[in-house]
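Counting starts at 1 for both ligands and their atoms, following the listed order. Predicted model, so just to flag it, every value in this text is computed and none were measured.
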Amino acid sequence: MVGSSIVRCLQSDGYDNLVLRTSSELDLRDQQAVANFFETHKPEYVFLAAAKVGGILANNTYRADFLYENLQIQNNVIHQSYKNDVAKLLFLGSSCIYPKLAPQPLREESLLTGELEPTNEPYAIAKIAGIKMCESYRRQYGCNFISVMPTNLYGPNDNYDLQASHVLPALIRKFHEAKVANQPTVEVWGSGAPRREFLHADDLGNACLYLMKNYDQESFVNVGVGTDLSIKELAEMVKQVVGFEGAIQWNTDKPDGTPRKLMDVSKLHKMGWNHTIDLATGLRITYQDFLTKMNEYL
Ligand code: GFB
């Protein structure tokens, strides 16, 4: 989702010399394959959007895979970027790097000030290691490696597998399928009380290009919209956009996860960047995209 959005942003900005590989063409977990790729192609700028990602259930279930595979991907790409004199690298993290109970909105300075949310601790630790790799290669070797922390994302090419997905695509699919099958209820996980912030992937792609062009500092940058809503409010919004008329059933056997993770985006705003897609608009276009590409997604 994020990689394809960055590609769309680069192409619409006129960049045509893009070196792209799918995961089946180049397995970034394979140290030798990544070394060969960098030596052969010598990329000048690297956007490291590749990662093993998923929603709360996948993070909590495949804890070892999330830790090991993300460390492999980022170790290989960051180290080879140094070895092959990449001019600049942008590493993408996640808002789950912050302590579970950090003051809200989450400021960049809160990193490593408290305990992490247990459901995604392995993923968060891999992402924190990525931030520290970028900082350390900058300090020891003078590499221009920057890190960017997006909030929860959604958009085209999202994952709609109900066991692995994040909440927003899961709700689109659940409400859509319930509407089509005329079901009376839809099950939504947790209590509905947790609050989340949602950024459209195209806004993130745009922010990545902006930071690649304009930001050269060691400290990482939050990317978000600056407002959040409860999962209950999100469920009501998705229900309305999809046109489902039944009831919502809350399954409190499923975890809530972190109570809130709203980003403080003042650093990015001061640099002159703002998102352009509000949640109501983003949800409508994402539901349309889901309807158009359902065969590909499901
Ligand atoms: O999006 P989500 O899976 O991830 O869940 P996190 C957000 C909230 O939505 C949780 C609730 O409180 C879920 O219990 N929820 C309700 C659902 N219904 C559903 C559903 O059908 N599917 C899903 N998936 N959730 C992830 C982290 O945390 O956020 C990752 O695990 C990463 O590490 C990512 O940082 C951005 O926001 O809780």
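The shortest N or O to N or O distance between G257 and ligand 1 is not below 3.5 Å. Not a single N or O atom of S95, backbone or side chain, sits closer than 3.5 Å to an N or O atom of ligand 1.
Using a non-hydrogen distance threshold of 4.0 Å, T258 does not register as a contact of ligand 1. In this structure, E187 falls outside the shell of residues with a heavy atom less than 4.0 angstrom from ligand 1. The shell of residues lying under 4.0 angstrom from ligand 1, judged by heavy atoms, excludes E117. Remark: distances from the non-hydrogen atoms of V188 to ligand 1 include one below 4.0 Å.
Enclosure of atom NZ in K42 by more than 12 non-hydrogen atoms of other residues, nucleotides or ligands within 6.0 angstrom is indicated. Open room surrounds CD on Q240; 12 or fewer heavy atoms of other groups in view lie less than 6.0 Å from it. Other residues, nucleotides and ligands place more than 12 heavy atoms under 6.0 Å from the CD atom of E218.
Aromatic ring centroids of H200 and Y154 lie under 6.0 Å apart. Checked against the 6.0 Å centroid criterion, the rings of Y160 and F290 qualify as a close aromatic pair. If you look at Y287 and H176, their ring centroids are closer than 6.0 Å. Separation of the Y141 and Y137 ring centroids falls under the 6.0 Å cut-off.
Close approach of ligand 1 to A170 is summarised as follows: ligand atoms under 4.0 Å from at least one heavy atom of the residue are 20 (C), 21 (O), 22 (N). Residue contact check: K174 has heavy atoms under 4.0 Å from atoms 20 (C), 21 (O) of ligand 1. Using a 4.0 Å cut-off to heavy atoms of C96, the atoms of ligand 1 that qualify are 33 (O), 35 (O). Atoms of ligand 1 found under 4.0 Å from any heavy atom of P194 (numbered from 1 in listed order, with element): 12 (O).
Nearest protein heavy-atom contact of atom 10 (C) of ligand 1 is D256 O, 3.4 Å. Scanning the protein for heavy atoms near atom 17 (C) of ligand 1, the closest one is V167 CG2, 3.5 Å. Taking atom 14 (O) of ligand 1 as the reference point, the nearest protein heavy-atom neighbour is P255 O, 2.7 Å. Protein heavy atom at the shortest distance from atom 3 (O) of ligand 1 is I56 N, 2.8 Å. At the shortest separation from atom 31 (O) of ligand 1 among protein heavy atoms lies N59 ND2, 3.0 Å. For atom 33 (O) of ligand 1, the closest non-hydrogen atom on the protein side is Y123 CD2, 3.0 Å. For atom 35 (O) of ligand 1, the nearest non-hydrogen atom of the protein is S94 OG, 2.8 Å. Atom 36 (C) of ligand 1 has as its closest protein heavy atom N152 OD1, 3.3 Å.
For the residue pair D278 / T281, a side-chain donor-acceptor distance below 3.5 Å is found, with atom types taken as modelled. Side-chain N/O atoms of N59 and T119 include no donor and acceptor closer than 3.5 Å.
Within the set W189, Y98, F198, F66, the minimum heavy-atom distance to atom 20 (C) of ligand 1 is found for W189. Distances from atom 29 (O) of ligand 1 to the heavy atoms of E121, R196, K261 show the closest one on K261. Among G55, S165, G54, the residue whose heavy atom sits closest to atom 24 (N) of ligand 1 is S165.
A salt bridge does not link R138 to E135: none of the charged side-chain nitrogens sits closer than 4.0 Å to a carboxylate oxygen. A salt bridge between K88 and D216 is present, with a side-chain N of the basic residue lying under 4.0 Å from a carboxylate O of the acidic one.
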Inset, instruction - Take R195 and D228, measure what salt bridge (charged side-chain N to carboxylate O under 4.0 Å, His left out) needs, and give me the verdict at the end. - result: CA-CA 6 Å; R195 298 182 70 82; D228 63 357; 3.2 Å; yes
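Taking CG from N120 and CZ from R63, the interatomic distance works out to 8.5 Å, rounded to the nearest 0.5 Å.
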